[in-house]
Each structure stands twice: as C-alpha cells, then as structure tokens.
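Heavy atoms only: backbone and side chains are in, while hydrogens, waters and symmetry mates are out.
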Amino acid sequence: MSAQIIDGKAFAAKVRGQIAEHVAKLKADHSITPGLAVVLVGEDPASEVYVRNKGKQTLEVGMNSFEHKLPADVSKEDLYALIAKLNADPAVHGILCQFPVPDHLNEQEIVAQIDPAKDVDGLHVVSAGLLASGQRSLVSCTPLGCLMLLRDHLGDLSGMNAVVVGRSNLVGKPMAQLLLGDSCTVTIAHSRTKDLADVVGRADIVVAAVGRPEMVPGDWIKKGATVIDVGINRIERDGKKKLVGDADFASCSQVAGAITPVPGGVGPMTIACLLANTVTACCRANGLEEPEGLTA
Ligand code: NDP
C-alpha cells in the first residue's frame, strides 16, 4: 500500500475539541448554550442508534440536546406543529428530522418546515440555493466533512481537477458546489456518465458517493490522486459481516496518494459537522463571531 490514510476519526475528534472550546467560550462570555433538536418519528432501530449517537456527542461538546420521539403514526399536522415550535424556540439553534420517515410523511415537505437559519442538515432549498449562489449557508454535513478533510490534507484546492461520482441532493451536488467554491475544476458523474473510468482517471480528487460497494477500482485512479470514499455499504464476505466503501480500498490504496478508509474516514466527520453547523447557527442567530475552520 502506498497511499496515506486520511484518519477521519482522529480529525473528527479534533473538530469536536474545537467545538467544545467554542461552546465553553459562548457560555462563559455570553451565557449562551447552543442547542440541537432532533426529531425521530417511529422506531427504526438504525435511526434510534444514530439519534442516540448525535445526542451523546452533542452533550459531550457542552451543547444542549433536545430529543423529540414521535409515534410512527403521528400526523403531518402534529409533526409540523412541533417543528414550528422548535423554529420559534430561542434555545434551539439547530433542528433535524431523522430520515427515513414512515411512508405517509414526505421528507422534502418536512425539511421545508424547518427555518433555514436552523437547517443544520443543510437540506432546505434555501440552504441549497445559498450554497449554489456562493452565499453563506448551512451546508449538508457529509460533504462539509469531506471538504474539511481535503483542506486539511491538501491545503489549497485551487485549480485541482475534482470528480464527484454521485449527484444526490444530500452528498453529490453540495460536494460539487463546495469544491467549486474552493476553485476546483469540478465534474459531476452519475449513472448515465459515459466512460466513467476515463472521467475518474483525470481527477486529482475523487469523491465516491454512489452507494455501490467497492465500485471504483484502483485502475481508474490517477497515480497520487486523493480518494474520498463516502460510501457506507454493509456486505457479507467469507461469512462475515463487513462495512465497505464505494471505492475498492485494496486496489485504490495501491495507486492513490491518500485515501479515506471505511469505516473511520468520512463517517465520523458527519456528526462532527452537525455539531459544527449547530454552533455556527447559534453564533449567527446571536450576531457573534463564528468559529474558524468549521464552515465552508
Ligand atoms: P443516492 O443513492 O441518493 O445517490 C447515489 C448516486 O450515485 C446517484 O446520483 C446515482 O446516479 C449514482 N450512481 C449509482 N450507480 C452508479 C454507477 N454505476 N455509476 C455512476 N454513478 C452511479 O446515495 P447518497 O448520495 O445518499 O449516498 C451515497 C453513498 O454515501 C451511500 O453509500 C451512502 O450510504 C453513503 N453516505 C454516507 C454518509 C456518511 O456519513 N459517511 C452520509 C450519507 C450517505 P443517478 O443520479 O444517475 O441515479
């Protein structure tokens, strides 16, 4: 293996440390405690684990965590009334609804209820529009985490060729906007892209966000390129359950200059960026200076 491993777990711990310091300062200097409200509908076991982890990490950095568990058959009116209450609550600086939600609810419509100033998941159309027009916004947590890792590893990204494989609203599109904002030359590839191997082969930075286990092989990667693997795929190999990314780590790490592992790469950055967005939203709501390095 020649590639340097980009340790997202260690970097996320550093980011959380920075957030904790800023939170302590907000409390000491302004008597303000940033607060994150998480809404969970139903009893999906994976979602319950995510929500528990988010709550735990929120408290660990000194912020307030407000968990709202609603029954799976909650009406849309009751859910929206809760979101409206959270929008109006000055102790709540960030709001997210854990997805997926039961079929009678619509995710896009739910996100539209959230005040964009508290949209710490960066999913509101206003957040997407602000990002696309190069204005200050709250940015989707996973792409923000990828950008932080890239900046930390490569420094100035200006002029680099970046290929984002995947065009989802959650990852691919905001990732491409962020890379463009850092003056990369950006290509967005997707399931209809012709000769994907050739497209990926020209990239200095490859972000793989396709949701297909180990789809990007090492022989697509330009020697020395940086590979950011967003994928989280649960597979079974040799009778054992395993987590793998969207890039084939074994072959990519032979060619790449640096690569994020799965697990331990991009994954830990997602919650760290959720906390970062909550602090950012809190500072903006109170007209205070934002912490450095935690926004796009
Ligand atoms: P989506 O399913 O929403 O999007 C996948 C994208 O990949 C689509 O744009 C699709 O193209 C494209 N794609 C699918 N197959 C191919 C192919 N054969 N060739 C080229 N492109 C293809 O997934 P997400 O963006 O939500 O997530 C992507 C991955 O990231 C998943 O593995 C997910 O688990 C992971 N993830 C990880 C997070 C983390 O915290 N680390 C957070 C969020 C996601 P098209 O649009 O044409 O269909």
Side-chain angles (χ1 to χ4, degrees), residues 32-59 61 63-133 135-145 167-174 177 270-287 295-296:
I32 294 170
T33 305
L36 172 65
V38 178
V39 180
L40 175 65
V41 182
E43 287 169 2
D44 176 62
S47 294
E48 286 189 339
V49 172
Y50 288 136
V51 168
R52 220 174 16 250
N53 276 340
K54 285 171 186 171
K56 186 169 163 269
Q57 293 193 28
T58 304
L59 294 174
V61 296
M63 304 200 298
N64 287 329
S65 166
F66 309 103
E67 265 180 43
H68 295 270
K69 290 191 178 176
L70 301 176
D73 62 352
V74 69
S75 69
K76 138 177 146 173
E77 289 74 18
D78 284 353
L79 171 60
Y80 295 177
L82 171 63
I83 294 174
K85 208 171 113 199
L86 298 172
N87 282 339
D89 187 343
V92 172
H93 303 97
I95 303 169
L96 78 85
C97 183
Q98 185 67 43
F99 294 146
V101 286
D103 287 347
H104 69 285
L105 298 168
N106 176 295
E107 294 184 356
Q108 266 182 337
E109 217 180 280
I110 294 170
V111 170
Q113 309 305 312
I114 298 173
D115 177 351
K118 299 189 179 188
D119 172 36
V120 282
D121 252 349
L123 294 177
H124 197 289
V125 287
V126 169
S127 306
L130 289 170
L131 176 64
S133 56
Q135 298 181 65
R136 200 177 77 160
S137 64
L138 290 167
V139 180
S140 180
C141 304
T142 302
L144 180 59
R167 57 174 164 179
S168 69
N169 290 333
L170 181 66
V171 187
K173 282 184 201 148
Q177 295 291 355
T270 299
I271 299 186
C273 286
L274 176 67
L275 306 178
N277 276 347
T278 306
V279 176
T280 300
C282 174
C283 292
R284 287 177 187 170
N286 289 285
T295 51

**Report entry** Nearest atoms (heavy-atom pairs only) where Met63 meets Pro34
**Finding:** CB-O, 3.2 Å

Query - Positive for side-chain contact (heavy atoms from CB on, under 4.5 Å) with Cys282, one of Ile32, Thr33, Asn277, Leu36 - result: Ile32

Query raised in the report: Checking side-chain contact (heavy atoms from CB on, under 4.5 Å) for the pair Leu123/Leu170: CA distance, chi angles, key distance, verdict?
Result: CA-CA 7 Å; Leu123 294 177; Leu170 181 66; 3.6 Å; yes

If you look only at distance, which donor and acceptor atoms sit under 3.5 Å apart when one is on a side chain in residues 78-103 and the other is two or more places apart or in another chain?
from	atom 1	to	atom 2	distance (Å)
Tyr80	OH	Glu109	OE2	2.9
Asn87	OD1	Asp115	N	2.9
Asn87	ND2	Gln113	O	2.8
Asp89	OD1	Ala91	N	2.9
His93	ND1	Gly35	N	3.0
His93	NE2	Pro90	O	3.3
Gln98	OE1	Lys54	NZ	2.7

Query raised in the report: Measuring from Leu138:CG to Ile114:CD1, what's the distance to the nearest 0.5 Å?
Result: 11.0 Å

Report task. Give the minimum heavy-atom separation between Leu130 and Ser137, together with the two atoms involved. Result -> CB-CB, 3.5 Å

Requested in this report: Kindly say whether Leu274 contributes a backbone atom to a donor-acceptor pair with the side chain of Thr278 at under 3.5 angstrom?
Outcome: yes

Query - Distance, nearest 0.5 Å, that separates CZ of Arg52 from CD of Gln57 - result: 13.0 Å

Report task. Using the side-chain contact (heavy atoms from CB on, under 4.5 Å) rule, take Glu48 and Glu43 through it: C-alpha gap first, then chi angles, then the decisive distance, then the call. Result -> CA-CA 7 Å; Glu48 286 189 339; Glu43 287 169 2; 3.7 Å; yes

Report task. Return the minimal non-hydrogen interatomic distance between Cys273 and Cys141, and the atom names on each side. Result -> CB-O, 3.5 Å

Query raised in the report: Under a 4.5 Å cut-off applied to non-hydrogen side-chain atoms, are Leu275 and Thr58 in contact?
Result: yes

